[in-house]
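No hydrogens, no waters, no symmetry mates; every other heavy atom, side chains included, goes into these values.
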Amino acid sequence: MSFRAAVLKLVKKIPRGRVATYGQLATLLGRPRSARAVGQALRRADGVPWHRVVNAQGGISRRSRMSGMMTQRILLEQEGIVFRRGRVVLVRFRWQGRRLNLFRNDGILRG
DNA sequence: TGGTTGACGACAT
DNA sequence: CATGTCGCCAACC
(Lines give C-alpha, C1' and ligand atoms only; values in the text may rest on other atoms or scores of the structure.)
Protein backbone atom coordinates (compact mmCIF):
# COMPACT_ATOMS: atom_id res chain seq x y z
CA MET A 1 0.00 0.00 0.00
CA SER A 2 1.47 3.29 -1.11
CA PHE A 3 1.39 6.48 0.85
CA ARG A 4 -0.94 7.93 -1.73
CA ALA A 5 -3.38 5.05 -1.39
CA ALA A 6 -3.38 5.54 2.37
CA VAL A 7 -4.11 9.24 1.93
CA LEU A 8 -7.01 8.67 -0.43
CA LYS A 9 -8.44 6.02 1.82
CA LEU A 10 -8.36 8.43 4.75
CA VAL A 11 -9.82 11.32 2.79
CA LYS A 12 -12.79 9.16 1.91
CA LYS A 13 -13.61 9.05 5.60
CA ILE A 14 -14.07 12.79 5.92
CA PRO A 15 -17.83 13.21 6.29
CA ARG A 16 -19.92 15.61 4.29
CA GLY A 17 -19.98 19.07 5.83
CA ARG A 18 -16.56 18.67 7.44
CA VAL A 19 -12.99 19.40 6.45
CA ALA A 20 -9.49 18.28 7.40
CA THR A 21 -6.16 19.98 6.85
CA TYR A 22 -3.19 18.52 4.98
CA GLY A 23 -1.12 18.50 8.11
CA GLN A 24 -3.88 16.92 10.12
CA LEU A 25 -4.22 14.08 7.64
CA ALA A 26 -0.48 13.57 7.66
CA THR A 27 -0.54 13.33 11.43
CA LEU A 28 -3.47 10.93 11.42
CA LEU A 29 -1.46 8.76 9.06
CA GLY A 30 1.41 8.74 11.48
CA ARG A 31 3.56 10.95 9.27
CA PRO A 32 3.31 14.41 10.86
CA ARG A 33 5.91 15.92 8.54
CA SER A 34 4.34 14.74 5.32
CA ALA A 35 1.69 17.41 4.92
CA ARG A 36 3.20 18.41 1.62
CA ALA A 37 3.17 14.86 0.38
CA VAL A 38 -0.52 14.66 1.26
CA GLY A 39 -1.08 17.53 -1.13
CA GLN A 40 0.87 15.67 -3.78
CA ALA A 41 -1.25 12.58 -3.29
CA LEU A 42 -4.38 14.66 -3.67
CA ARG A 43 -3.15 16.26 -6.85
CA ARG A 44 -4.61 13.55 -8.98
CA ALA A 45 -7.37 12.10 -6.92
CA ASP A 46 -10.71 11.06 -8.25
CA GLY A 47 -13.54 9.34 -6.48
CA VAL A 48 -12.60 10.95 -3.18
CA PRO A 49 -13.93 14.11 -1.51
CA TRP A 50 -10.71 16.02 -2.23
CA HIS A 51 -12.49 19.33 -1.72
CA ARG A 52 -12.75 18.62 1.99
CA VAL A 53 -9.04 19.14 2.44
CA VAL A 54 -7.83 22.66 3.15
CA ASN A 55 -4.63 24.16 4.50
CA ALA A 56 -3.79 24.89 8.11
CA GLN A 57 -5.36 28.32 7.82
CA GLY A 58 -8.64 26.94 6.59
CA GLY A 59 -7.86 28.38 3.19
CA ILE A 60 -7.93 26.76 -0.22
CA SER A 61 -4.40 26.12 -1.44
CA ARG A 62 -3.15 27.38 -4.77
CA ARG A 63 -2.84 25.05 -7.71
CA SER A 64 -2.35 25.24 -11.41
CA ARG A 65 -5.90 26.14 -12.31
CA MET A 66 -7.73 28.89 -10.50
CA SER A 67 -11.03 27.30 -11.49
CA GLY A 68 -10.25 24.40 -9.22
CA MET A 69 -10.12 26.72 -6.25
CA MET A 70 -13.47 28.25 -7.12
CA THR A 71 -14.94 24.80 -7.50
CA GLN A 72 -13.63 23.71 -4.14
CA ARG A 73 -15.16 26.61 -2.33
CA ILE A 74 -18.49 26.13 -4.04
CA LEU A 75 -18.57 22.44 -3.21
CA LEU A 76 -17.81 23.16 0.42
CA GLU A 77 -20.46 25.82 0.70
CA GLN A 78 -22.97 23.46 -0.83
CA GLU A 79 -22.25 21.15 2.08
CA GLY A 80 -23.04 23.92 4.50
CA ILE A 81 -19.49 24.87 5.35
CA VAL A 82 -19.12 28.53 6.17
CA PHE A 83 -16.22 30.72 5.12
CA ARG A 84 -15.17 33.80 6.98
CA ARG A 85 -12.60 36.17 5.53
CA GLY A 86 -11.82 33.63 2.86
CA ARG A 87 -11.26 30.74 5.23
CA VAL A 88 -13.24 27.83 6.50
CA VAL A 89 -14.09 28.32 10.16
CA LEU A 90 -12.02 25.38 11.33
CA VAL A 91 -13.07 25.49 14.96
CA ARG A 92 -16.52 24.63 13.75
CA PHE A 93 -16.06 22.43 10.71
CA ARG A 94 -12.87 20.51 11.29
CA TRP A 95 -13.29 16.77 11.24
CA GLN A 96 -11.81 15.00 14.23
CA GLY A 97 -10.39 11.91 12.60
CA ARG A 98 -9.00 8.88 14.33
CA ARG A 99 -5.31 8.22 14.49
CA LEU A 100 -4.48 5.31 12.24
CA ASN A 101 -1.48 3.09 12.63
CA LEU A 102 -0.73 2.34 9.03
CA PHE A 103 3.00 2.35 9.61
CA ARG A 104 5.15 -0.25 11.29
CA ASN A 105 7.76 0.81 13.79
CA ASP A 106 10.38 0.65 11.04
CA GLY A 107 8.51 3.28 9.08
CA ILE A 108 7.19 0.95 6.41
CA LEU A 109 3.54 1.03 5.48
CA ARG A 110 1.50 -1.91 6.67
CA GLY A 111 -0.82 -3.52 4.26
C1' DT B 1 20.36 5.89 -7.54
C1' DG B 2 19.86 10.96 -7.28
C1' DG B 3 17.77 15.44 -8.52
C1' DT B 4 13.39 17.90 -9.03
C1' DT B 5 8.75 19.07 -7.89
C1' DG B 6 4.98 20.77 -5.26
C1' DA B 7 -3.00 21.34 -3.39
C1' DC B 8 2.34 22.18 3.23
C1' DG B 9 3.54 24.50 7.52
C1' DA B 10 6.20 26.95 11.05
C1' DC B 11 8.67 31.18 11.61
C1' DA B 12 10.86 35.51 10.78
C1' DT B 13 10.43 40.09 8.95
C1' DC C 1 -1.78 41.04 8.02
C1' DA C 2 1.37 39.94 3.77
C1' DT C 3 5.65 37.85 2.09
C1' DG C 4 9.69 35.33 2.13
C1' DT C 5 12.59 31.53 3.80
C1' DC C 6 13.47 27.08 5.03
C1' DG C 7 12.74 22.20 6.26
C1' DC C 8 10.26 18.30 4.85
C1' DC C 9 9.10 14.15 1.98
C1' DA C 10 6.56 10.95 -1.45
C1' DA C 11 6.33 10.66 -6.33
C1' DC C 12 8.29 11.04 -10.64
C1' DC C 13 11.86 10.78 -14.08
Side-chain angles (χ1 to χ4, degrees):
Chain A
M1 171 154 186
S2 66
F3 178 80
R4 179 160 68 212
V7 170
L8 300 185
K9 187 172 171 183
L10 180 57
V11 169
K12 283 185 187 172
K13 297 185 167 199
I14 306 173
R16 186 185 160 74
R18 292 257 138 148
V19 301
T21 67
Y22 299 95
Q24 178 189 350
L25 294 176
T27 296
L28 290 173
L29 288 167
R31 280 269 127 79
R33 291 160 298 186
S34 303
R36 206 168 184 172
V38 168
Q40 285 292 312
L42 235 39
R43 236 176 112 247
R44 295 179 308 262
D46 46 323
V48 304
W50 56 270
H51 60 285
R52 297 184 186 140
V53 185
V54 297
N55 63 37
Q57 279 49 249
I60 293 171
S61 294
R62 290 203 78 125
R63 62 202 67 180
S64 56
R65 289 178 308 182
M66 198 62 80
S67 61
M69 298 172 70
M70 295 292 291
T71 302
Q72 182 168 5
R73 175 160 179 159
I74 290 169
L75 288 172
L76 289 175
E77 292 183 322
Q78 287 180 340
E79 297 188 355
I81 288 173
V82 178
F83 280 72
R84 206 170 100 187
R85 281 166 230 163
R87 311 165 174 224
V88 169
V89 182
L90 289 176
V91 291
R92 186 165 149 206
F93 300 103
R94 185 199 287 273
W95 170 57
Q96 305 297 139
R98 284 237 177 107
R99 177 82 197 287
L100 286 69
N101 44 332
L102 298 173
F103 292 85
R104 310 189 313 207
N105 51 24
D106 60 2
I108 308 285
L109 270 166
R110 282 180 210 286

Mind calculating the distance between [atom1] ([X]) and [atom2] ([N]) to the nearest angstrom?
X	N	atom1	atom2	answer
A:Arg4	B:dA7	CZ	C1'	14 Å
A:Gln57	B:dA7	CD	P	17 Å
A:Arg87	B:dA7	CZ	P	19 Å
A:Arg31	C:dA11	CZ	P	11 Å
A:Leu25	C:dC9	CG	P	17 Å
A:Leu8	C:dA11	CG	C1'	13 Å
A:Gln40	B:dC8	CD	C1'	10 Å
A:Arg62	B:dG9	CZ	P	16 Å

**Request:** Please step through side chain to side chain contact (heavy atoms under 4.5 Å, CB included) for the pair A:Gln72 and A:Arg63, ending with a clear verdict.
**Result:** CA-CA 11 Å; A:Gln72 182 168 5; A:Arg63 62 202 67 180; 2.8 Å; yes

**A:Arg44 vs B:dG6: side-chain N/O to OP1/OP2 distance below 4.0 Å** =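 Negative; the distance criterion is not met.
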
**Asked** Side chains of A:Val11 and A:Arg52: does their closest heavy-atom pair fall under 4.5 Å?
**Response**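 They are not in side-chain contact.
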
**Prompt:** So do A:Ile60 and A:Phe83 actually touch side chain to side chain, heavy atoms under 4.5 Å?
**Reply:**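 Yes. Closest side-chain heavy atoms under 4.5 Å.
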
**Message:** Within this structure, what is the CD1-CZ distance for the pair A:Ile81 and A:Arg73, rounded to the nearest 0.5 Å?
**Reply:**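 Going from the CD1 atom of A:Ile81 to the CZ atom of A:Arg73 covers 11.5 Å.
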
**Item:** Gap between atom CH2 of A:Trp95 and atom CG of A:Leu90 - 0.5 Å precision
**Value:**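 Nearest 0.5 Å value for the CG-CH2 distance: 14.5 Å.
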
**Prompt:** When the nearest nucleotide of DNA chain B is assigned to A:Ala37 and to A:Ala56 on a heavy-atom basis, which residue is associated with the more 5' position?
**Reply:**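 Closest to the 5' end, via its nearest nucleotide, is A:Ala37.
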
Where the side chain of [X] is defined as all heavy atoms beyond and including C-beta, which of [options] is the nearest nucleotide?
X	options	value
A:Phe3	C:dC9, C:dA11, B:dG9	C:dA11
A:Trp50	B:dG6, C:dA10, B:dA7	B:dA7
A:Arg36	B:dA7, B:dC8, C:dA11	B:dC8
A:Ser34	B:dG9, C:dA10, B:dC8	C:dA10

**Item:** Closest-nucleotide ordering on DNA chain C, the 5'-leading residue of A:Ala5 and A:Arg85
**Value:**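 Nearest nucleotide further toward 5': that of A:Arg85.
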
**Message:** What's A:Arg43 touching, base or sugar-phosphate or nothing? Going by heavy atoms closer than 4.0 Å.
**Reply:**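 Counting heavy atoms under 4.0 Å across all strands, the contact made by A:Arg43 includes a base.
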
